Student: 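A single structure is presented below for examination.
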Amino acid sequence: MNINFTLNKKSVTIDVDPMKRLLDILREDFRLLGTKESCGEGECGACTVLLDGKPVTSCLVNAVHIDGKEVMTSEGIAKEPIGKLLIDCFDETNAVQCGFCFPGFLVTSYHYVKTDGEKNLNKIKKALSGNICRCTGYQKIFESVMLACERKPLMNANER
Amino acid sequence: MKSIRKIDAIPKLNGSWKFLDDYSYEGMIHGQLLYSTCHHGFIRKVTFPEGYDLSEFTMVYAEDILGENIVPEPVCDQPYMADKEVFHFGQVIMGIAHPNRKLLREFISNTSIEYKELPAITDIKECLENEDNVFGRKLTIDHRTGKKPDPNWVHHHKIYYTPHQEQAYLEPQGMIAIWQPKDKIMFVRANCQCPFFVKEGVEAIMGNKIKEAVIETSEGIGGAFGGKEDFPSLLAGITSLLSYKSGKPVKIVLDRSDDIQITTKRHPARIEINSWTDPETKKIMKINIDYRLDTGAYQTLSPVVLARGVLHAISGYSIPSAFIRGRLFRSNTPSNGAFRGFGAPQGFAAMEAHIDKIAVDLKMNPYEFRKINIFKIGDEFPTTQPIIENNLSDCLERVIEKSDYLNKLKEFKEWNKSHKDKKGIGISIGYHGGGYTGNGEKILNSEVKVVIEKDAIVKIYVSNTDMGQGAHTTLAQMFFEAIDHPLEKCRVQLPNTSKTPNSGPTVASRTIYIIGNLLRKFALKIKDEFGFENLENFVTSNQNKFPHEFRMKFVQDPSVVFDDENYVGVAYKDYSWAACVTEIYFHADTYQIELTKSCSVMDIGKVVNQKIATGQAEGGILQGLAYGLCEFFYKPGYGRMHGFTDYALPTTMDIPEIDVEFIHTDSLIAKGLGEIPMDFPAPSIRNAFYNATGVFIDEYPLVPERILRNLNVNKHC
Ligand code: FES
Ligand code: FES
């Protein structure tokens, strides 16, 4: 089946089994290796991407679900101004440990900072509750996202 | 204490840092393990599904093993693959490979195995209650005075249970093997903690068919926590065999359900304590501890876990007469193995609860009671090792002060009188000996290598891996800070057994403590030998001397003398110490414990990188709290867990505010940090619950079902 979708702002077409998981399409067909598989059953968030702007676990999304839609992965987000801001905050706090969960956290945090951005710990906890991290105890992840929220208003208006 | 940024953070964030599954090679095929679904039995027949071309598959069985069918471990008793009889669920029977990963998965899930079933033990209590299951190593620490307990002393007898715990590293285990027939080299890309263990594992299974196994780790190792200490040897062995037989590079990446079901876990334990306390002086005078571990089907490294377990079992209290016995019990479950803490968390779980029980019975607050009994200079461990510092007591005092423990104790008591929900506050303490036990570091004889290039780039070669703990940043930092070299000119190289000397495994909180401190000394020695002030200038003006390779070995302090037979002497040269206070809110309607705040004070000696160390501690503390609160792997009537759907990991919504402070940071030596955060926090939850409700629970974790059961029992009493 031919599927057309937008991947990190470029339009692409592939011929693929309609049931193939988006996670495998990204990793195998496009060699976008930032999206990770950890649980394969929608529990951990390591495979999170944005689908039409909303975070989804790509291990539970099939090719048919993305036809005509927009997909943004951590690689795409890393090039966006808010993505860059978040990467800098995660780096500054030394939040990243093994890093396997981080592309997923980057995607979910990006969505939060972009669409809400209030420096509010409870809201941030809730926004990130679909992502599991086994290394950090989450404290430095919260700290980083709070920092990004604080710095977002300092960005140029067109970058926010 | 400079918090330099981690060298690998940005590439990990933008997705360019490669984890095992991100590597691929020309002609590579995929492998998977076919394992037993029977707990104990004889393999009768393996039936493959119809409609597949079997000639496309590469298959290896026990009989294809070219060397020995025994994984090298402290006790060599576990086969790579079962031959005729399986002894546990998850025991590998075959390795199978095919070019198409999806098709391979389907093929394996439709393959059926017939067994003649035999009796099996899978229940933790059934295993640990029955003396017939005792096997393997037994240990005793005998520090008895020979005096009979005084009839006035108060006797307490309690049995404590702790469950399995799953490491749940986010990156599942994986391995790539590439057979290079021309050089007779088996190259293995491994996601592991201990490249030299993997090398032994591959060489043992391949026998003399290969000249050498060369192991290189992947750039990223997605967490390990002990789980990637010994299982990788088995996985690498079977992957290598598949590569040898197929002539192609083979990659095996376990999916989560395979990983969780067949790899090692923390040992469940049963710890029985008899203690006698003098009601006048409030001193514990005598103690007997019976420490039992459920090893699973094989001993593998359990004897080493047992050693650390008995050595930490008394917690931080000086008790004149102590007898500790440790034993292993066999069951029909996958071998349990290493997990951060390595036998110590089980002991603290029991002893730290026991202390609160005695305190409450003596009508004392748990802090006052601890204060009387805690290690002080002049006391000794049950092995007779002298206590030479009051740092544990300093941790306790500081955490009591900063958590406002005494006021909160009163405040919560008052609040609880008029509320159905309850608030509670609990203490726990802990410690962890750094490095291998006793003579272990002497035997390991670790070596490190440094190459200084013509452009003054310093390349550090160690076999210790960075699995997220930031070791490669901190190790480089310890080297360049010692000689004031620019940080961007100092790099730890990716561990590769053909280029890196054996600086030992990445375990036992030894990476910074043993290897880091060695690198610091090494840097100063090089400076001394060459007599430079500034390395860059020296290299520029002495180009003919570079590149230059240096090597240095670890020399154990002569004060470490330990009798491995009788467990007498200095078991560890340096200990890290900690104390913790946790506050809980108990929801009486849902039987749920909400953690509201956890405050920890730790002495890990010199803190090399404040942010890295704090992050490590916070992560470990959450694993520790979860051990006491929500994690378990086996449930009677349900069986073992299958993935992240039924194994409950803490999410962002379940965690308290975690506060960490390091004290005595002016020390010259950086002590172990990896494990101690896992050792001490869990008991504080149980103690806080006891404080809140007056109900004492002798088993982890404190999930609502268990709380409900205990509350009911209490009502009936
Ligand atoms: S891999 Fe998709 S949620 Fe875990
Ligand atoms: S950093 Fe390792 S799982 Fe999050």
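Given the structure is predicted, the values throughout are model-derived calculations rather than measurements.
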Student: Is it the backbone or the side chain of A:T35 that comes under 4.5 Å from a heavy atom of chain B, or both, or neither?
Tutor: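 For A:T35, no heavy atom lies under 4.5 Å from chain B.
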
Student: Taking the six-membered ring of B:Y23 as reference, does the NZ or CZ atom of B:R189 fall below 6.0 Å from its centre and within a 45° cone about the axis?
Tutor: yes

Student: Checking heavy atoms, do the side chain of A:K36, its backbone, both or neither come under 4.5 Å from chain B?
Tutor: side chain

Student: Please rank A:I87, A:I77, A:L106 by heavy-atom pairs under 4.5 Å with chain B and give me the top one.
Tutor: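 The residue among A:I87, A:I77, A:L106 with the greatest pair count is A:I87.
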
Student: Please flag which part of B:L170 lies under 4.5 Å from any non-hydrogen atom of chain A: side chain, backbone, both or neither.
Tutor: both

Student: Only one of A:C133, A:C59, A:C101, A:S38 clears side-chain contact (heavy atoms from CB on, under 4.5 Å) with A:C44; which?
Tutor: A:S38

Student: Looking at the rings of A:F90 and A:F102, which for Trp means the six-membered one, are their centres under 6.0 Å apart?
Tutor: yes

Student: Tell me, for A:Q97 versus chain B, whether the close heavy atoms (under 4.5 Å) come from the side chain, the backbone, both or neither.
Tutor: both

Student: Which one wins on heavy-atom pair count under 4.5 Å against chain B: A:L32, A:T73, A:V96?
Tutor: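 Looking at each of A:L32, A:T73, A:V96 in turn, A:V96 comes out on top.
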
Student: For chain A, which of B:A626, B:G620, B:G222 has the most heavy-atom pairs under 4.5 Å?
Tutor: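 Ranked by heavy-atom pairs under 4.5 Å with chain A, first place is B:G222.
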
Student: With a 4.5 angstrom heavy-atom cut-off, could you sort out which part of A:D24 is near chain B: side chain, backbone, both or neither?
Tutor: neither

Student: Residues of residues 9-21 of chain B under 4.5 Å from chain A (heavy atom pairs)?
Tutor: B:A9, B:I10, B:K12, B:L13, B:N14, B:G15, B:W17, B:F19, B:D21

Student: Under 6.0 Å from the six-membered ring centre of B:Y627 and within 45° of its axis: does the NZ or CZ of B:R266 meet both?
Tutor: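 Yes.
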
Student: Hey, does the side chain of B:N100 reach the backbone of B:K102 with a donor-acceptor pair shorter than 3.5 angstrom?
Tutor: yes

Student: Under 4.5 Å from any heavy atom of chain B, what part of A:I132 do you find: side chain, backbone, both or neither?
Tutor: both

Student: Is there a donor in the side chain of B:T474 and an acceptor in the side chain of B:N609, or the other way round, less than 3.5 Å apart?
Tutor: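 Short answer, no.
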
Student: Which word best sums up how the rings of A:F30 and A:F5 line up, parallel for under 30°, tilted for 30 to 60°, or perpendicular for over 60°?
Tutor: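 Plane angle over 60°, so perpendicular.
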
Student: Using the side-chain contact (heavy atoms from CB on, under 4.5 Å) rule, pick out the option among A:I124, A:I82, A:L86 that qualifies with A:Y112.
Tutor: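 For A:Y112, the side-chain contact (heavy atoms from CB on, under 4.5 Å) test succeeds with only one of A:I124, A:I82, A:L86, which is A:I124.
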
Student: Tell me if a side-chain donor or acceptor on B:D466 pairs with a main-chain N or O of B:A471 at a distance below 3.5 Å.
Tutor: yes

Student: Which residues, numbered in order, of residues 139-159 of chain A come under 4.5 angstrom of chain B by heavy-atom distance?
Tutor: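 Result: A:Q139, A:K140, A:F142.
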
Student: Taking the side chain from B:E675 and the backbone from B:G341, do they hold a donor-acceptor pair closer than 3.5 Å?
Tutor: yes

Student: Please determine, among A:R31, A:E92, A:E37, A:K126, the option with the most heavy-atom pairs under 4.5 Å with chain B.
Tutor: A:E92

Student: Using modelled atom types only, decide if a donor and an acceptor are shared between the side chain of A:N94 and the backbone of B:I4 within a distance under 3.5 Å.
Tutor: yes

Student: Less than 4.5 Å to any heavy atom of chain B: does that hold for the side chain of A:T136, its backbone, both, or neither?
Tutor: backbone

Student: Just so I understand: if I count every heavy-atom pair under 4.5 Å between each of B:E657, B:Q469, B:Q616, B:Q623 and chain A, which residue has the most?
Tutor: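 Most heavy-atom pairs within the cutoff with chain A belong to B:Q623.
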
Student: Give a yes or no answer on whether the side chain of B:T582 reaches the backbone of B:S598 with a donor-acceptor pair at less than 3.5 Å.
Tutor: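 No, B:T582 side chain to B:S598 backbone: no donor-acceptor pair under 3.5 Å.
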
Student: Side chains of B:E631 and B:Q165: any donor to acceptor distance under 3.5 Å?
Tutor: yes

Student: With distance as the sole test, does B:H164 use its side chain to make a donor-acceptor pair with the main-chain N or O of B:T264 at under 3.5 Å?
Tutor: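 Not at all, since once roles are kept as given, no pair shorter than 3.5 Å links the two residues.
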
Student: Any idea which of B:D22, B:T651, B:T473 has the most non-hydrogen atom pairs under 4.5 angstrom with chain A?
Tutor: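 Most pairs with chain A among the choices: B:D22.
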
Student: Can a donor-acceptor pair be found between the side chains of A:T108 and A:N131 at a distance below 3.5 Å?
Tutor: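 Side chains of A:T108 and A:N131: pair found under 3.5 Å.
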
Student: Need one label for B:I260: side chain, backbone, both or neither, based on atoms under 4.5 Å from any heavy atom in chain A.
Tutor: neither

Student: Under 3.5 Å, is there a donor-acceptor pair between the side chain of B:Q173 and the main chain of B:G227?
Tutor: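 Side chain of B:Q173 to backbone of B:G227, a donor-acceptor pair under 3.5 Å: yes, one is there.
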
Student: Is B:E166 close to chain A through its backbone or its side chain, or both, or neither, when contacts mean heavy atoms under 4.5 Å?
Tutor: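 For B:E166, the backbone is the part near chain A, not the side chain.
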
Student: Any side-chain heavy atom of B:L622 sitting closer than 4.5 Å to one from B:P677?
Tutor: no

